[in-house]
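Below you'll find the structure, written out as structure tokens, and then a few comments.
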There are 2 protein chains.
Amino acid sequence: MRKSTLGSLIWLRIARFTHQSNLLSNEFLKQFGITTAQFDILNQVSIYQPVMQSELAAKATVSEGGISRMLTRLEQEGYIQRKQDWKTKWISLTSKGERKIQEVFEHQLAFQTSILNECLTENEQKTLYKLMTKLQKHTEYKLEE
Amino acid sequence: MRKSTLGSLIWLRIARFTHQSNLLSNEFLKQFGITTAQFDILNQVSIYQPVMQSELAAKATVSEGGISRMLTRLEQEGYIQRKQDWKTKWISLTSKGERKIQEVFEHQLAFQTSILNECLTENEQKTLYKLMTKLQKHTEYKLEE
DNA sequence: TTTTATCAATTGAGTAGTAAAGTGATAGTA
DNA sequence: TACTATCACTTTACTACTCAATTGATAAAA
């Protein structure tokens with residue numbers, strides 16, 4: 001039918017996993033009234049706050065337009081605040097956002113950990129982590145070119 | 001700061017890789033006048049044609065509403081055709097779609113293969129493929145529950 | 001001083017994903 | 001015959017992503 005290479009098969013597997021895990025994650029996060037994308041942004045903010053929008057966009061590998069709109073929504077819902085300082089808006093979590101991210105993070109962690117533990121041994125996980133790190137760093141480098 | 005498990009770190013790595021590889025793929029596919037999502041659908045159609053919409057949605061793990069709109073666009077651009085047979089629409093590629101998918105597939109294959117080859121040895125790729133397959137099959141099973 | 005460049009953020013148009021409600025034809029049942 | 005269920009698909013309303021054009025303020029140059 002159609003010839004493939006090991007590389008393209010890996011690519012396909014990862015794509016499938018990601019798609020499916022996103023469905024699972026979204027379903028899981030629904031109980032917290034938050035989407036996967038929103039969780040990612042809140043998580044980044046909690047790590048780097050106070051952070052300017054453009055920097056946050058780069059950290060989350062999202063376009064500036066995208067971050068602008070997401071933050072507008074997150075601000076409306078009271079999870080983050082934007083402090084305008086000259087032309088820069090400094091983003092940080094509100095206490096509501098702080099509480100939300102803490103709560104979700106605990107559950108999310110348990111959820112992801114259990115899925116991995118259910119199908120891979122600790123050694124396998126170590127190997128997978130090592131290989132995925134190599135691969136991810138490489139695409140990161142490719143993107144910067 | 002924030003505690004993590006091996007499982008959650010793997011999850012994060014894969015998410016990052018996927019996000020970045022999507023950016024790369026989209027950029028790459030732009031020269032063929034097609035998006036990543038469209039390529040995925042055309043690829044599935046080429047494998048399973050003639051296929052009904054709902055089945056295609058399941059194969060691509062996309063909602064029925066989503067597939068409906070995507071197919072409308074792909075039909076407008078002349079890549080696929082929908083033949084109504086009672087209440088079912090049978091999807092297949094036009095010759096234009098057939099040519100496009102062939103052309104893109106060759107390049108896409110070379111592109112993905114080279115990225116993997118640039119950072120992992122053949123043995124590492126074999127291991128990664130094995131581990132990712134385990135993980136993906138597991139989430140697939142989880143989704144069906 | 002006025003003009004121009006630059007920079008951070010926003011906005012507009014387009015694609016893509018979801019859930020949920022709506023369509024329209026057929027099949028089964030009262 | 002009429003009523004209801006079901007099924008495949010479409011539509012609507014929403015979030016989220018892209019790129020490209022725009023805004024608005026300040027810094028640098030004429």
Side-chain angles (χ1 to χ4, degrees), chain A residues 15-16 18-42 44 50-77 79-91 143, chain B residues 15-16 18-42 44 50-77 79-91 143:
Chain A
R16 283 216 179 291
T18 306
H19 195 88
Q20 292 167 349
S21 70
N22 271 343
L23 294 181
L24 282 175
S25 273
N26 267 321
E27 200 174 317
F28 169 78
L29 287 176
K30 204 179 286 171
Q31 63 188 297
F32 301 102
I34 212 176
T35 67
T36 310
Q38 289 177 330
F39 176 75
D40 287 343
I41 299 301
L42 289 181
Q44 293 291 326
V51 60
M52 70 172 81
Q53 285 196 197
S54 49
E55 215 180 308
L56 186 57
K59 300 273 187 214
T61 344
V62 159
S63 69
E64 301 222 356
I67 217 79
S68 179
R69 265 179 283 234
M70 287 217 60
L71 290 177
T72 302
R73 257 172 238 131
L74 288 170
E75 192 177 27
Q76 270 165 12
E77 300 187 21
Y79 291 127
I80 59 129
Q81 56 197 14
R82 303 201 248 198
K83 280 206 182 114
Q84 181 100 31
D85 155 33
W86 180 46
K87 66 186 163 192
T88 301
K89 288 191 174 172
W90 293 95
I91 315 301
L143 263 181
Chain B
R16 282 213 179 294
T18 306
H19 195 87
Q20 292 167 348
S21 69
N22 271 342
L23 295 181
L24 283 175
S25 274
N26 267 321
E27 201 174 315
F28 168 78
L29 287 177
K30 203 178 287 170
Q31 61 188 299
F32 302 102
I34 211 176
T35 67
T36 310
Q38 290 177 331
F39 177 74
D40 287 343
I41 300 300
L42 288 181
Q44 292 291 326
V51 59
M52 70 172 81
Q53 286 197 197
S54 49
E55 215 179 306
L56 186 57
K59 299 273 186 213
T61 344
V62 159
S63 67
E64 301 222 357
I67 217 79
S68 180
R69 246 188 332 194
M70 287 217 59
L71 290 178
T72 302
R73 256 173 238 133
L74 288 171
E75 193 177 26
Q76 270 164 12
E77 301 187 20
Y79 292 127
I80 59 130
Q81 56 197 16
R82 305 201 247 198
K83 281 210 181 108
Q84 181 100 30
D85 155 32
W86 181 47
K87 66 185 162 193
T88 301
K89 288 190 176 174
W90 294 95
I91 315 300
L143 264 181

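Numbers restart at 1 for each chain; the letters A, B, ... are given by sequence-line order, proteins then strands. Values in this document were obtained by computation on a predicted structure and should not be read as measured data.
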Between A:S54 and C:dA9, is there a side-chain N or O to OP1/OP2 distance below 4.0 Å? yes

Under 4.0 Å between any heavy atoms, over every strand shown, what does A:S63 touch: base, sugar-phosphate, or nothing? Just pick one. base

Considering every strand and a 4.0 Å limit on heavy-atom distances, what is the contact class for B:S68: base, sugar-phosphate, or nothing? base

Rounded to the nearest Å, what distance is computed from the CG atom of residue A:L29 to the C1' atom of nucleotide D:dT15? 14 Å

A:A37, nearest nucleotide to its side chain (from D:dA16, C:dA9, D:dC9): D:dA16

Atom pair distance, as rounded to whole Å: CD in B:Q84 and P in C:dG24: 13 Å

OP1 or OP2 of D:dT10 versus the side-chain N and O atoms of B:Q53: is any pair under 4.0 Å? yes

Does B:T35 place a side-chain N or O at less than 4.0 Å from the phosphate oxygens OP1/OP2 of C:dA16? yes

Report yes if a side-chain nitrogen or oxygen of A:Q38 is closer than 4.0 Å to either non-bridging phosphate oxygen (OP1 or OP2) of D:dA16; otherwise report no. yes

What's A:T36 touching, base or sugar-phosphate or nothing? Going by heavy atoms closer than 4.0 Å. nothing

Within the pair A:K30 and C:dT18, is there a side-chain N or O less than 4.0 Å away from OP1 or OP2? no

Whole-Å distance separating the NZ atom of B:K89 from the C1' atom of C:dT23: 12 Å

Mind checking if A:E64 touches a base, just sugar-phosphate, or nothing, with heavy atoms under 4.0 Å? base

Quick check: on DNA chain D, is the nucleotide nearest B:T88 upstream (toward 5') of the one nearest A:I67, or the reverse? Name the residue that is more 5'. B:T88

For atom CG of A:L23 and atom C1' of C:dA16, their distance in whole Å: 14 Å

Might you point out which heavy atoms bring A:T18 and A:S21 nearest each other, and give the distance in Å? O-OG, 3.1 Å

Just to be sure I understand the rule, does A:R69 reach a base, reach only the sugar-phosphate, or reach nothing, if contact means heavy atoms closer than 4.0 Å? base

